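None of the values given here were measured: they were computed from a predicted structure.
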Amino acid sequence: EQLERLAHFDPLTGLPNRALLADRLQQGLARAQRARQGLAVCFMDLDGFKAVNDAHGHDAGDDLLAEVARRLQGSIRAGDTAARLGGDEFVLLLGGLHHPRECEDTARRVLHAVALPIEVEGHTVHVSASMGISVFQRDGCEAEQLLRQADQAMYRPSSVGATAMCCTRLRWRRPTRAAPDSLRFR
């Protein structure tokens, strides 16, 4: 059990690591395909993390990452996944989406939660986050493609320097003849 935990979870935050994220993303894609529902991949990194680390030390940075992880888990639904890739990079998998607003609402909730003041090592610090979102079918059907698209989308607002979310339109595409019952993000 200990080896299983070490192999699949980030030791600092307790969140799933890259290996477990890859497995959950494959499962999520299969579910989304089968149920004809949306799946969003949200790539997020912290703006201001390096400044906290430099000013208050690595222990403060670790405390900050652990608190951000708690806030992420508190901001998503029980069936969704928050994972830490490393450093200050996180990925959210939001499955079972019936409407684009579900993804938008969750993203706003997450960004707001991250931006709230955090107490670390006796100091109140502030960070924000940038988030890029890709959506199954609209931005790709393969795990690596969706991660890459979300990562690229994240860097568009990051250069602005403020809490930002960047995704191409989240709208439902009209069903096609080939898939009359399917709901798709556009």
Side-chain angles (χ1 to χ4, degrees), residues 4-5 7-10 13-46 67-86 89-116 129-154 156-157 163-186:
E4 173 78 15
R5 182 142 189 85
H8 293 105
F9 291 90
D10 176 60
T13 63
L15 294 177
N17 64 15
R18 188 179 297 267
L20 185 53
L21 172 67
D23 183 58
R24 289 192 180 173
L25 181 50
Q26 288 300 330
Q27 290 177 23
L29 288 170
R31 268 193 308 278
Q33 183 79 28
R34 207 172 35 252
R36 296 187 180 118
Q37 296 176 337
L39 172 74
V41 176
C42 309
F43 205 106
M44 185 188 94
D45 81 3
L46 300 180
E67 178 58 26
V68 166
R70 281 189 287 279
R71 291 179 182 192
L72 293 177
Q73 289 178 306
S75 299
I76 61 176
R77 300 169 300 176
D80 295 332
T81 295
R84 179 174 176 231
L85 296 186
E89 293 183 332
F90 298 87
V91 172
L92 305 175
L93 300 180
L94 310 177
L97 300 175
H98 299 284
H99 193 278
R101 173 138 345 256
E102 293 172 284
C103 177
E104 294 168 359
D105 290 346
T106 300
R108 282 188 185 90
R109 221 175 20 255
V110 164
L111 293 172
H112 175 75
V114 169
L116 294 173
S130 294
M131 181 182 291
I133 301 171
S134 65
V135 178
F136 172 63
Q137 289 185 336
R138 183 199 66 201
D139 297 313
C141 295
E142 301 294 323
E144 284 304 315
Q145 184 181 22
L146 290 168
L147 284 167
R148 188 173 49 254
Q149 292 288 338
D151 185 29
Q152 290 170 354
M154 178 185 64
R156 285 189 284 259
T163 297
M165 170 179 60
C166 184
C167 53
T168 53
R169 292 161 299 211
L170 285 176
R171 294 192 180 139
W172 289 107
R173 182 186 302 171
R174 284 206 162 95
T176 63
R177 274 190 218 178
D181 299 338
S182 70
L183 296 172
R184 297 181 185 179
F185 284 101
R186 192 167 75 162

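- Arg24 contributes no side-chain N or O that, together with a main-chain N or O of Ala83, makes up a donor-acceptor pair within less than 3.5 Å.
- Atom CZ of Arg5 sits about 10.0 Å away from atom CG of Asn17, to the nearest 0.5 Å.
- Rounded to the nearest 0.5 Å, atoms CG (Asp10) and CZ (Arg18) are 11.0 Å apart.
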- Would Glu104 and Ile133 count as a side-chain contact (heavy atoms from CB on, under 4.5 Å) if you check the C-alpha gap in whole Å, the side-chain angles of each, and the deciding distance to 0.1 Å? CA-CA 10 Å; Glu104 294 168 359; Ile133 301 171; over 6 Å; no
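- Glu102 places a side-chain N or O within donor-acceptor distance of the main-chain N or O of His99, the cut-off being under 3.5 Å.
- Nearest heavy atom pair, residue Gly96 against residue Gln37, reads CA-OE1, 3.1 Å.
- Of the candidates Leu92, Leu72, Val91, Leu85, Leu72 is the only one forming a side-chain contact (heavy atoms from CB on, under 4.5 Å) with Met44.
- In this structure, CD on Gln145 lies 10.5 Å from CZ on Phe136, to the nearest 0.5 angstrom.
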- Could you walk me through whether Asp139 and Val41 pass side-chain contact (heavy atoms from CB on, under 4.5 Å), step by step? CA-CA 10 Å; Asp139 297 313; Val41 176; over 6 Å; no
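- Looking only at distances, a side-chain donor or acceptor of Arg109 sits under 3.5 Å from a matching main-chain atom of Ser75.
- At distances below 3.5 Å, at least one donor-acceptor pair connects side-chain atoms of Arg77 with backbone N or O atoms of Gly95.
- Put simply, the side chain of Asp151 never gets that close to the backbone of Gly132: no donor and acceptor are under 3.5 Å apart.
- In terms of heavy atoms, Ala107 sits closest to Met131 at CB-SD, 3.6 Å.
- By the neighbour-count criterion of 12 heavy atoms within 6.0 Å, atom CD of Glu142 is sparsely surrounded, having that number or fewer from other residues, nucleotides or ligands.
- Rounding to the nearest 0.5 Å gives a distance of 9.0 Å between CD of Gln149 and CZ of Arg138.
- When all heavy atoms of Ala82 and Ile76 are compared, the closest pair comes out as N-CD1, 3.7 Å.
- The heavy-atom pair separating Cys103 from Leu97 by the smallest distance is CB-CD1, 4.0 Å.
- Distance check, rounded to the nearest 0.5 Å: CG of Leu146 to SG of Cys141 gives 7.5 Å.
- Taken from NE2 in His8 to CG in Leu15, the straight-line distance is 15.0 Å, to the nearest 0.5 Å.
- Smallest separation of non-hydrogen atoms from Ala113 and Arg71: O-NH1, 2.8 Å.
- Closest heavy-atom contact between Ala129 and Val114: CB-CG1, 4.0 Å.
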